[in-house]
Amino acid sequence: MKIKLTARERLRAFFNGTIEDHRAAFLRGDNVSGEVVNADLAMKYSAVNACIRVRAETFASVPIILYRKLEDGREPVTDELIYDVLHNQPNDEMAPFAFRETMMTNFDIGGNAVSQKLLNRSGEVVGLVPLPHQNISIRRDPETKRLVYEYNGGETRVFKRAEVFHVPNLSFDGVVGLSPIAYAASAIKLGLSYEQYGVNFYRNAATPSGVFQSDGHLSDMAYERLKKELKDNYTGMLKAGVPMLLEEGLKWAQTTINPIDAQLLESKYFQIEDICRIYRVPQHLVNKLDRSTNNNIEHQALEFVMYTMLPIFKRFEDNINAQLLTPEQRKKGLYFEHKIDGLLRGDAKSRAEAYAAGRQWGWLSVNDIRRLENMPAIENGDIYLQPVNMVEAGQPQQQADAYNRLVDDIANMIAERR
């Protein structure tokens, strides 16, 4: 008896799973032959490794400062407990740099940077412990409709939203971040394929490549001896260039690299550009310098700060202010901000010219400049200069009036002498 299947059942039988299963498999990179692209595999690809390290180390190098808003500006605050956690010691086992680097790495690989909050009896945050992205499952509780974080680190534990500090990456719903590794699985796997191809291409280093030619027939004994000699004495990069002994009239004919092979090797460099495009990292920062010059590298570095790192800093600042500061602290005007001046400082000559302009036009004092250069203040260093030939728009020019008075005085003096 033949069983009739519905269209959905036939489709499920054809795919051997649900549509949702295959959509998830596509995002994981299972549609590409070979291994599934996960964090460990992706980090073995040098371009991915370099991009993630550049972003994570740059992010971790920039200090985050707690400020208080004032009527005429702002002031740094160092006596709040949360400042000590983020700036000095996030937990007993990690320095601030390592903590921020770990958060950024999870952010770039898994799409979500999640840390457990360590609270004292008063409910204040006294520490933050990063939770590896691969051990975290973020879902919404069907009953409470609130996010829960299921952590499997040997034993399963479920955290409520208020018990974690969570920074999502680019997201469809604004709550759970998307993993760049999952969405770039095909590009990463293609890059790994190119790298493996290059390894295999140079592994058999009887280079330069060529063919053996003979006018006659090579005996079985000579053929087997030739194969053994090639394997033992001439294969491998360390044995390249060793003179080859041939018998029975054999001749070695050198050939050039197959154009297809050369094109595939060149494609490896184009794939590096693709990975840099995904993470928005200038190519010179991953040591790809074929199209870089001293002039454009400086501008690319500035663009990296402005268009790649600045949105990341802002994303973390917003989540820190919303999740780690209490409503009372925010009402007092407290907020965190990254101090990115160091990334934008430029060389010594450029800074000196900028300071000189600020000093000349009256918006920088000597102590302002010294503070920007991490130097101690000096006595009488808070005096601001004002150009004598600059007045408010619509007001008479003081210099012109002084000149006119001088002319009048001279004229009167001459008249009296007469």
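With hydrogens and angles disregarded, no donor-acceptor distance shorter than 3.5 Å links the side chain of Ser365 to the backbone of Tyr384. Remark: side-chain polar atoms of Arg100 are paired, donor with acceptor, to backbone N or O of Val62 under 3.5 angstrom. For Asn112 (side chain) and Gly177 (main-chain N/O), a donor-acceptor pair under 3.5 Å exists by modelled atom type. In this structure, the side chain of Glu317 engages the main chain of His338 through a donor-acceptor pair within 3.5 Å. Of the possible donor and acceptor atoms, none in the side chain of Arg55 sits under 3.5 Å from a partner among the backbone N and O of Met104. Side-chain atoms of Asn106 do not come within 3.5 Å of backbone N or O of Pro132 as any donor-acceptor pair. Side chain of Asn152 to backbone of Asn135: no donor-acceptor contact under 3.5 angstrom is found. Checking side-chain atoms of Ser179 against main-chain N and O of Ile181 turns up a donor-acceptor pair under 3.5 Å. Within the 3.5 Å criterion, the main-chain N or O of Tyr307 finds a donor-acceptor partner in the side chain of Arg280. Panel note: side chain Asn380, backbone Ile383; no donor-acceptor pair is recorded below 3.5 Å.
Residues Leu334 and Arg68 share a closest heavy-atom pair of CD2-CB, 3.8 Å. Residue Ile138 comes nearest to Val114 through the heavy atom pair CD1-CG2, 4.5 Å, listed as atom of the first residue, atom of the second, then distance. Heavy-atom minimum distance, Val281 versus Leu285: CG1-CB, 3.9 Å. Scanning all heavy atoms of the two residues, the minimum distance from Met306 to Pro311 falls at O-CD, 3.7 Å. The two atoms that bring Ile52 and Asp108 nearest to each other are CG1-CB, 4.3 Å, heavy atoms only. Summarising the geometry of Pro63 relative to Ser61, their closest heavy-atom pair is CD-O, 3.5 Å, with the distance given to 0.1 Å.
Residue Asn88 places its CG atom among more than 12 non-hydrogen atoms of other residues, nucleotides or ligands, all under 6.0 Å distant. Counting heavy-atom neighbours within 6.0 Å of Arg161 CZ, excluding the residue itself, gives a total above 12. In the displayed structure, Glu75 atom CD is contacted under 6.0 Å by more than 12 heavy atoms of other residues, nucleotides or ligands.
Separation of atoms CG (Leu131) and CD1 (Ile136) is listed at 4.5 Å; rounding is to 0.5 Å. The structure places CG of Asn321 at 10.5 Å from CD1 of Ile82, a figure rounded to the nearest 0.5 Å. Taking CZ from Phe336 and CG from Asn319, the interatomic distance works out to 13.5 Å, rounded to the nearest 0.5 Å. The CZ atom of Phe59 sits 10.5 Å away from the OG1 atom of Thr105 when rounded to the nearest 0.5 Å. Within the model, atoms OG1 of Thr156 and CD of Glu150 stand 5.5 Å from one another, a figure rounded to the nearest 0.5 Å. In this structure, Ile64 CD1 and Phe313 CZ are separated by 9.5 Å, a value rounded to the nearest 0.5 Å.
For the pair Glu57/Glu101, a side-chain contact is recorded, criterion being any heavy-atom separation below 4.5 Å from C-beta on. Contact check for Ile109 versus Met43: side-chain heavy atoms found under the 4.5 Å cut-off. With contacts defined as side-chain heavy-atom distances shorter than 4.5 Å, the pair Leu128/Lys117 qualifies. The closest side-chain heavy-atom distance from Pro282 to Glu303 is not below 4.5 Å. With a 4.5 Å cut-off on side-chain heavy atoms, Pro168 and Val175 do not count as touching. Between Leu324 and Val85 the shortest side-chain heavy-atom distance does not fall below 4.5 Å. A 4.5 Å side-chain heavy-atom check between Ile272 and Tyr45 finds at least one atom pair inside the cut-off.
For the ring-ring contact (aromatic ring centres under 6.0 Å, His included) condition, the pairs that include at least one residue of residues 151-176, sequence neighbours left out, are Tyr149-His166. Note on residues 62-96: pairs passing ring-ring contact (aromatic ring centres under 6.0 Å, His included), not counting sequence neighbours, are Tyr67-Tyr335, Tyr83-His87. Pairs of residues two or more places apart, or lying in two chains, that qualify as ring-ring contact (aromatic ring centres under 6.0 Å, His included) and include a residue from residues 104-144 are Phe107-Phe316.
In summary, Asp318 and Lys314 engage in a salt bridge, as defined by a charged side-chain N under 4.0 Å from a carboxylate O.
A donor-acceptor pair shorter than 3.5 Å cannot be found between the side chains of Ser46 and Asn49.
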(message) I'd like to know whether Leu118 forms a side-chain contact (heavy atoms from CB on, under 4.5 Å) with Val125, so could you lay out the CA-CA distance, the side-chain angles of the two residues, the decisive distance to 0.1 Å, and finally the verdict.
(response) CA-CA 6 Å; Leu118 303 180; Val125 178; over 6 Å; no
(message) Using the rule given for side-chain contact (heavy atoms from CB on, under 4.5 Å), can you reason through Arg139 versus Val148, listing the C-alpha separation, both sets of side-chain angles and the distance that settles it, and then say yes or no?
(response) CA-CA 6 Å; Arg139 57 184 174 83; Val148 292; 3.5 Å; yes
(request) Decide yes or no on side-chain contact (heavy atoms from CB on, under 4.5 Å) for Asn120 and Leu81, but give the supporting numbers first. (result) CA-CA 11 Å; Asn120 60 15; Leu81 185 55; 4.2 Å; yes
